[in-house]
Asks: 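Here it is, the structure in full.
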Number of protein chains: 2
Amino acid sequence: MPRPDSARDRILDAFQGLLIASGERAATLDAVAAAAGVSKGGLLYHFASKDALVDGLIERLEAFAAADDERMRAAPEGTVDYVIRTSVEEGTPFDEALIAVSRLAQGSHEKARTTLAAVRARWETAIAADVGDPAVARAIMLVSDGLYYNSTLLGAFGTTDSRDGAMDELLAVLARLTPTASPGPAAAS
Amino acid sequence: MPRPDSARDRILDAFQGLLIASGERAATLDAVAAAAGVSKGGLLYHFASKDALVDGLIERLEAFAAADDERMRAAPEGTVDYVIRTSVEEGTPFDEALIAVSRLAQGSHEKARTTLAAVRARWETAIAADVGDPAVARAIMLVSDGLYYNSTLLGAFGTTDSRDGAMDELLAVLARLTPTASPGPAAAS
DNA sequence: GTCTATAGTGAGATAGAC
DNA sequence: GTCTATCTCACTATAGAC
C-alpha cells in the first residue's frame with residue numbers, strides 16, 4: 001500500500017495535535033481542518049461528524065496499544081523498566097494518541113475513558129506477572145500513572161525533576177520494592 | 001459571618017460541579033447559571049466574564065490549599081500517610097476544587113496549571129522533609145499523583161483496586177521505601 | 001441584586017459546484 | 001475527493017427593565 005489514507009491520517013494528526021496543545025475546547029472542526037490543510041467540507045467527507053473523528057482517533061490509539069503490548073512483553077529489561085520509562089517518553093505516535101484521548105476522557109466521552117482504562121489494565125497485568133506481588137505491582141503502576149499525569153497534565157516531567165539521571169534514580173528506588181528481582185542496592189546514585 | 005456571598009458561592013459550586021461531572025466543554029455560562037439557580041444575567045452580575053469565573057474558582061482553590069497545607073504539617077501519622085490518603089479522598093471541598101481546576105488545566109489555562117503545580121510542589125517538599133531521601137519522596141509523590149490520576153481521570157480509584165484494605169496495603173508497600181521511618185512490617189493487610 | 005431580551009460570534013452540519 | 005456557501009443552534013456578553 002503506497003499511501004491509502006494520507007488525508008485521513010493528516011486530519012487525525014491535526015485533531016490529535018490540537019487536543020494535546022490546547023485541549024478539547026480548541027479542537028473544533030474549523031481548527032482541525034485548518035491545521036490539516038483541508039476545508040471543513042473536506043474534513044467532513046472523511047469523517048462524517050465530530051463523533052466519527054473521535055472514534056477514528058480512539059481506533060488509532062487501540063492499534064498503537066496492541067503494538068505496544070507486544071513490545072512490552074518482549075522488552076529485554078523487563079516490563080517494569082519498559083512501562084516506567086515509556087510513561088514519560090513524549091513524542092512517540094502511541095504516546096501522542098494516548099495524551100489526545102485523555103483530553104477527551106476528561107469530558108464525558110465514555111469510550112475514551114474505557115479505552116484508557118483498558119490500556120492501563122494491560123500494563124498492570126503484565127507488571128504483576130513480572131513482579132509477583134500484586135500490591136507492589138499496583139504501587140509501581142501508580143508511579144507510572146503519576147509520571148504520565150505530570151508529563152501530560154502539568155505540562156512537563158520537570159515539575160519536580162528533569163535531570164538526566166532522574167529516571168535511573170527512580171527505577172533504583174522502585175527496585176527496592178521487588179527484592180526477588182534486584183537483590184542489592186544497585187544503581188542508587 | 002452569616003452568609004456573605006451565598007449566591008457567589010452557589011455559582012462557584014455549580015461551575016465546579018459541571019467541570020467535574022462533564023468537563024470544560026459543558027461548563028457554559030448557561031449551564032452554570034441553570035445549575036446555580038440564577039439567570040445568566042444574574043451570574044454575570046457576580047462574575048463579569050467567564051474568565052472572572054475561572055479566576056474565582058482558582059482563588060477558592062488556593063484558599064483551600066493553604067488550609068490543607070497547615071493540616072498536612074500537623075498530621076499525626078506523618079505527611080506521607082496524609083498525602084497518600086487524601087489523594088483519593090473524593091468529596092472534600094478542597095478535593096473538588098482541585099479536580100475542577102485540573103479540568104481547566106487541560107485546556108490552555110496557564111494559571112490553572114501553575115496553581116496545580118504549586119500545590120503539588122508543596123506536598124512534595126513536605127514529604128521530602130519528612131522522609132529524608134528526595135528520590136524516595138519523588139517516588140511517593142508520584143504514587144500520590146497516580147492515585148489522583150486514577151480517581152480523577154479514569155473515574156474511579158477502583159480501576160485496579162477498590163478493596164477496603166487497599167490503601168493500608170499500599171502504605172505498607174511504600175513504607176519499605178523509608179527504612180528510617182517505619183522499621184517493621186507494620187500495617188500490612 | 002437579579003431578571004429578560006437580544007446582539008454578535010463561532011460551533012457542527014448540509015447541499016451542491018467543481 | 002475537495003471545495004464554497006449556507007443553515008441552524010449554542011455560546012459569551014451587553015443593555016436595560018424591575
Asks: B:A27: what forms a side-chain contact (heavy atoms from CB on, under 4.5 Å) with it, not counting sequence neighbours?
Replies: B:F15, B:L18, B:L19

Asks: Answer yes if B:Y45 and B:F47 sit in the same cluster of Ile, Leu, Val, Met, Phe, Trp and Tyr residues linked by side chain heavy atoms under 4.5 Å apart, and no otherwise.
Replies: no

Asks: Hey, does A:L29 reach any base, or is it just sugar-phosphate, or nothing, if we go heavy atoms under 4.0 Å?
Replies: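 Sugar-phosphate: the residue A:L29, judged by heavy atoms under 4.0 Å, touches backbone atoms but no base.
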
Asks: Short of 4.0 Å, heavy atom to strand atom, which residues of residues 45-55 of chain B count as contacting DNA chain D?
Replies: B:S49, B:K50

Asks: Under a 4.5 Å cut-off applied to non-hydrogen side-chain atoms, are B:T178 and B:I140 in contact?
Replies: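 Yes - at least one pair of side-chain heavy atoms lies under 4.5 Å apart.
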
Asks: Looking at residues 8-26 of chain A, who's got a heavy atom less than 4.0 Å off DNA chain D?
Replies: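 Those residues are A:R25.
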
Asks: Would you list the pairs meeting side-chain hydrogen bond (donor to acceptor under 3.5 Å, both in side chains) in which at least one residue belongs to residues 21-35 of chain A, sequence neighbours left out?
Replies: A:D30-A:K40

Asks: Answer yes or no: is there a side-chain heavy-atom contact under 4.5 Å between A:T152 and A:R103?
Replies: yes

Asks: Going by the rule side-chain contact (heavy atoms from CB on, under 4.5 Å), which residues pair with B:A135 if we only count those two or more places apart in sequence or in a different chain?
Replies: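 Residues passing side-chain contact (heavy atoms from CB on, under 4.5 Å) with B:A135: A:E169, A:V173, B:D133.
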
Asks: Identify all pairs in which a protein N or O lies below 3.5 Å from an N or O of nucleotides 16-18 of chain C, and state each distance.
Replies:
none

Asks: Enumerate the salt bridge (Lys or Arg N to Asp or Glu O under 4.0 Å) contacts for residues 140-150 of chain B, please, sequence neighbours excluded, ordered by first and then second residue.
Replies: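 Qualifying pairs, neighbours excluded: B:R120-B:D145.
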
Asks: Which residues pass the ring-ring contact (aromatic ring centres under 6.0 Å, His included) test with A:Y148, sequence neighbours left out?
Replies: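 For A:Y148 the ring-ring contact (aromatic ring centres under 6.0 Å, His included) partners, ignoring immediate neighbours, are B:Y149.
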
Asks: Going by the rule salt bridge (Lys or Arg N to Asp or Glu O under 4.0 Å), which residues pair with B:D95 if we only count those two or more places apart in sequence or in a different chain?
Replies: none

Asks: What I'd like to find out is whether the side chain of B:V119 reaches to under 4.5 Å of the side chain of B:V101, using heavy atoms alone.
Replies: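 A side-chain contact under 4.5 Å is absent here.
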
Asks: Can you check the B:L44 CG to D:dA15 P distance for me, whole Å?
Replies: 12 Å

Asks: Output the residues of residues 33-42 of chain A in contact with DNA chain C, where contact means a heavy atom of the residue under 4.0 Å from an atom of the strand; sort by number or write none.
Replies: A:K40

Asks: Under 3.5 Å, sequence neighbours excluded: what are the donor-acceptor pairs made by side chains of residues 52-70 of chain B?
Replies:
residue: B:R60; atom: NH1; partner: B:D13; partner atom: OD1; Å: 3.1
residue: B:R60; atom: NH2; partner: B:D13; partner atom: OD1; Å: 2.8
residue: B:R60; atom: NH2; partner: B:Q16; partner atom: OE1; Å: 2.8
residue: B:D68; atom: OD1; partner: B:Y82; partner atom: OH; Å: 2.6
residue: B:D68; atom: OD2; partner: B:W123; partner atom: NE1; Å: 3.1
residue: B:D69; atom: OD2; partner: B:R73; partner atom: NE; Å: 3.3

Asks: Taking the minimum atom-to-atom distance to the side chain of B:T28, which one of C:dG12, D:dT2, D:dT12 wins?
Replies: D:dT12

Asks: Could you tell me if the side chain of B:L142 sits less than 4.5 Å from the side chain of A:L142, heavy atoms only?
Replies: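 Side chain of A:L142 against side chain of B:L142, heavy atoms only: no contact under 4.5 Å found.
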
Asks: Return the nearest nucleotide to the side chain of A:D30; candidates are C:dT14, D:dT14, C:dA11.
Replies: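 The answer is C:dA11, which lies nearest to the side chain.
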
Asks: Could I get the full list of side-chain contact (heavy atoms from CB on, under 4.5 Å) partners for B:E77, not counting sequence neighbours?
Replies: B:D81

